[in-house]
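Contents: one structure, followed by commentary.
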Amino acid sequence: MKPLPTVEAIQTTDLDDRPHEECGVVGFSGVPEAAQYAFLGLYSLQHRGQEAAGIVGVDDDGVARVHKGLGLVSDVFGPESISKLKGSTALGHVRYSTAGGGGARNAQPIVATYADGDLAVSHNGNLTNAVDLRRRLVKDGAIFQSTNDSEVIVHLMARSRHETVDHKVDDALSHLEGAFSLVLSVGNTLYAARDSRGFRPLMLGSLDGGMVLASETCAFDIVGAEYIRDLKPGEVIKIRDGVLTSMRPLQPAPRQSPCVFELVYFARPDSRLWGVSVDRARREFGRQLAGEHPVEADCVIPVPDSANSSALGYAEESGIPYELGLLRNHYVGRTFIKPSQADRDFGARMKYNPVREVVDGKRIIVVDDSLVRGTTSRSLAKFFRQAGATEVHMRIASPPVQNPCFYGIDMPSREELIGSSRNVEQICQELGLDSLGYLSLEGMLGAVEEAGPFCDACFSGDYPAPLVDVEKGWVPGNRGPAC
Ligand code: AMP
């Protein structure tokens with residue numbers, strides 16, 4: 001018989017398998033048939049995660065029912081599954097596909113029954129001490145069902161020695177380091193919190209006398225909710241039957257650091273984030289980029305969809321016509337998530353195709369939001385030349401990505417980031433471009449100054465929250481330790 005794994009062996013498996021969390025969350029309280037609204041909310045947050053989706057509905061007796069699975073929101077849910085999630089309290093989650101895998105068992109919300117009743121958690125962000133906490137909990141006898149950070153929160157709640165649920169929530173959250181914007185239910189009381197640096201977004205809205213929480217304002221628009229405000233960094237709230245109470249805030253951080261990459265790439269342009277419109281922020285990045293890296297050309301072409309707004313800004317500022325010279329097939333997944341380089345090149349072909357009539361015989365400026373591994377740009381340069389472009393000038397509406405993210409954006413290791421080891425001339429040559437220009441860090445931050453200060457660690461290497469697991473050498477190879 002195979003020997004039972006030791007705690008150390010279990011830990012190793014957990015580490016290798018640990019997913020990167022890029023997610024979207026929603027929460028509803030005091031809204032009849034809340035699960036239906038959660039479905040719609042998640043539908044509009046689909047860009048924040050395509051691997052798995054889940055909804056928990058909590059009925060008037062505090063009984064939580066969950067339906068979750070792998071796939072898009074529209075694949076996971078149908079009228080029948082949603083109708084079973086009864087109650088006026090609901091929370092939902094979409095999860096991004098990850099390098100670490102994990103599969104169905106990592107789908108959220110996580111649900112458990114403990115001393116105070118049914119508990120559910122929907123979490124966006126990466127805890128930087130999840131492995132540390134997990135090791136301690138496992139040593140203490142905890143059994144984990146998934147490899148995701150958020151299950152740690154469930155165990156911390158269940159093991160808290162405090163009397164009331166409010167105190168247990170406070171206690172559990174006080175152990176967490178890193179990034180978390182989460183919605184949690186105990187019975188039909190909903191709690192919501194943002195870590196004290198405020199890495200990931202979480203907004204509060206109202207709907208027909210009830211309350212709504214969501215990662216982005218586009219989720220309010222789809223359900224007809226009214227945006228009230230962003231949850232403040234470190235804020236913890238409790239909502240029951242649609243009535244909100246403020247709880248004791250978390251220990252304040254030395255400085256707030258919402259993620260600037262949400263504005264660069266991740267959020268939807270029709271959302272407002274950190275008090276600014278994502279579309280306006282991207283346009284401003286594009287304008288700034290045009291000022292920093294002008295070039296003579298016939299047209300400006302966005303890499304759809306994430307660079308549409310920044311390319312518009314570039315075109316407006318430079319006076320060079322904006323052209324839709326590249327088509328994106330919306331029915332394939334993001335190429336970034338393909339596991340090997342070979343697949344990623346193929347992915348670009350599957351996803352993008354130039355419009356020959358637009359680019360043939362033209363000097364073109366191609367604007368993208370970011371350069372990560374450089375695979376997309378390399379393929380695009382090739383495609384544009386094959387379609388007749390005489391010059392291909394690449395403009396990137398953010399600075400070089402040089403460092404992995406440990407707070408919830410899926411980035412490859414430092415070695416795989418093209419901007420970490422090569423200068424602009426080398427990258428330009430490697431990608432087969434006539435010229436390359438990145439937006440400067442100062443230019444980017446200056447364009448959205450009113451919403452800062454930000455976490456810009458992926459560009460600057462300045463990590464605002466302690467990287468507990470990394471410092472202990474406990475982060476899987478593909479995340480790369482911070483040097
Ligand atoms: P790459 O081909 O690796 O240089 O990736 C750059 C492209 O991936 C850009 O067009 C971005 O829109 C997109 N991108 C940037 N960051 C991410 C991310 N964390 N997840 C998925 N796609 C991303």
Side-chain angles (χ1 to χ4, degrees), residues 19-24 46-51 94-100 124-126 179 199-200 259-269 278 282 285-286 301-311 326 328-330 332-352 366-383 394-422 427-428 430-433 436 438-439 455-459 478-480:
H20 311 163
E21 297 297 346
E22 253 176 32
C23 310
Q46 187 75 82
H47 61 290
R48 296 185 72 87
Q50 299 97 48
E51 189 192 51
V94 282
R95 205 173 92 84
Y96 198 70
S97 187
T98 65
N124 174 208
N126 258 118
F199 286 104
R200 301 279 145 239
C259 167
V260 75
F261 205 73
E262 291 268 357
L263 293 177
V264 168
Y265 165 76
F266 205 44
R268 249 170 64 160
V278 176
R282 288 185 189 163
F285 294 159
I301 296 173
V303 178
D305 296 314
S306 48
N308 289 352
S309 304
S310 43
L326 185 66
R328 175 177 164 188
N329 184 336
H330 285 96
V332 290
R334 290 174 176 178
T335 57
F336 188 84
I337 64 176
K338 294 288 190 296
S340 76
Q341 290 292 336
D343 277 342
R344 281 160 38 78
D345 282 343
F346 179 66
R349 180 63 82 185
M350 298 277 291
K351 194 166 152 184
Y352 298 113
V366 182
V367 179
D368 204 353
D369 64 278
S370 58
L371 208 52
V372 181
R373 291 185 172 92
T375 351
T376 310
S377 302
R378 187 185 290 115
S379 308
L380 291 182
K382 218 184 314 170
F383 301 165
M394 182 64 98
R395 294 294 178 267
I396 306 294
S398 62
V401 176
Q402 295 182 317
N403 311 282
C405 174
F406 296 98
Y407 308 126
I409 296 283
D410 188 16
M411 289 283 183
S413 69
R414 186 166 288 137
E415 297 69 46
E416 290 171 273
L417 293 168
I418 196 166
S420 72
S421 56
R422 299 163 185 75
I427 299 172
C428 189
E430 208 168 298
L431 302 187
L433 302 166
L436 169 67
Y438 281 103
L439 178 59
C455 172
D456 52 25
C458 54
F459 304 116
N478 62 359
R479 297 292 299 280

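Residue numbers run from 1 in the order of the sequence given. Start at 1 and go down the list; that is how both ligands and their atoms are numbered.
For Arg328 and Asp305, the salt-bridge test passes: some basic side-chain N is under 4.0 Å from an acidic carboxylate O. Between Arg200 and Glu22, none of the side-chain N atoms (NZ, or NE/NH1/NH2) sits under 4.0 Å from a carboxylate O, so this pair counts as no salt bridge.
Below 3.5 Å of separation, one finds an N or O of Tyr265 facing an N or O of ligand 1. Taking any N or O of Val372, backbone or side chain, at least one lies under 3.5 Å from an N or O belonging to ligand 1.
The two atoms that bring Leu436 and Cys428 nearest to each other are N-SG, 3.9 Å, heavy atoms only.
At a 4.0 Å cut-off, not a single heavy atom of Val303 sits close enough to ligand 1 to count as contact. Distances shorter than 4.0 angstrom do not occur between any heavy atom of Arg378 and any atom of ligand 1. Residue-ligand proximity: Ser377 is placed with every non-hydrogen atom at 4.0 Å or more from ligand 1.
Each of the atoms 12 (O) of ligand 1 lies under 4.0 Å from some heavy atom of Ser306. Those atoms of ligand 1 with a heavy atom of Asp410 less than 4.0 angstrom away are 18 (C), 19 (N). The atoms of ligand 1 that sit less than 4.0 Å from any heavy atom of Glu22 are 19 (N). Near Ile409, with a cut-off below 4.0 Å to any heavy atom, the atoms of ligand 1 are 19 (N). Ligand-side atoms of ligand 1 in range of Asp369: 9 (C), 10 (O), 11 (C), 12 (O), range being under 4.0 angstrom from any heavy atom.
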Fill in: Pair Tyr352-Thr376, side-chain contact (heavy atoms from CB on, under 4.5 Å): steps then yes or no
CA-CA 9 Å; Tyr352 298 113; Thr376 310; 3.7 Å; yes
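Put simply, the side chain of Ile301 does not reach to within 4.5 Å of the side chain of Val367, judged on heavy atoms. In this structure, the side chains of Ile409 and Cys458 stay at 4.5 Å or more apart for every pair of heavy atoms.
Sorted by first and then second residue, the pairs that involve residues 395-406 and meet side chain to side chain donor-acceptor pair (under 3.5 Å), not counting sequence neighbours, are Arg395-Ser435, Asn403-Arg414.
Distances from atom 10 (O) of ligand 1 to the heavy atoms of Asp368, Asp305, Leu431, Thr376 show the closest one on Asp368.
With a 4.0 Å heavy-atom cut-off, ligand 1 is reached by the backbone of Ser370 and by its side chain too. Contacts with ligand 1 closer than 4.0 Å are made by no heavy atom of Phe266, backbone or side chain.
Relative to the ring axis of Phe383, Arg349 places its NZ or CZ within 45° and under 6.0 Å from the centre.
For Ser420, the side chain to side chain donor-acceptor pair (under 3.5 Å) test picks out no residue, with sequence neighbours left out.
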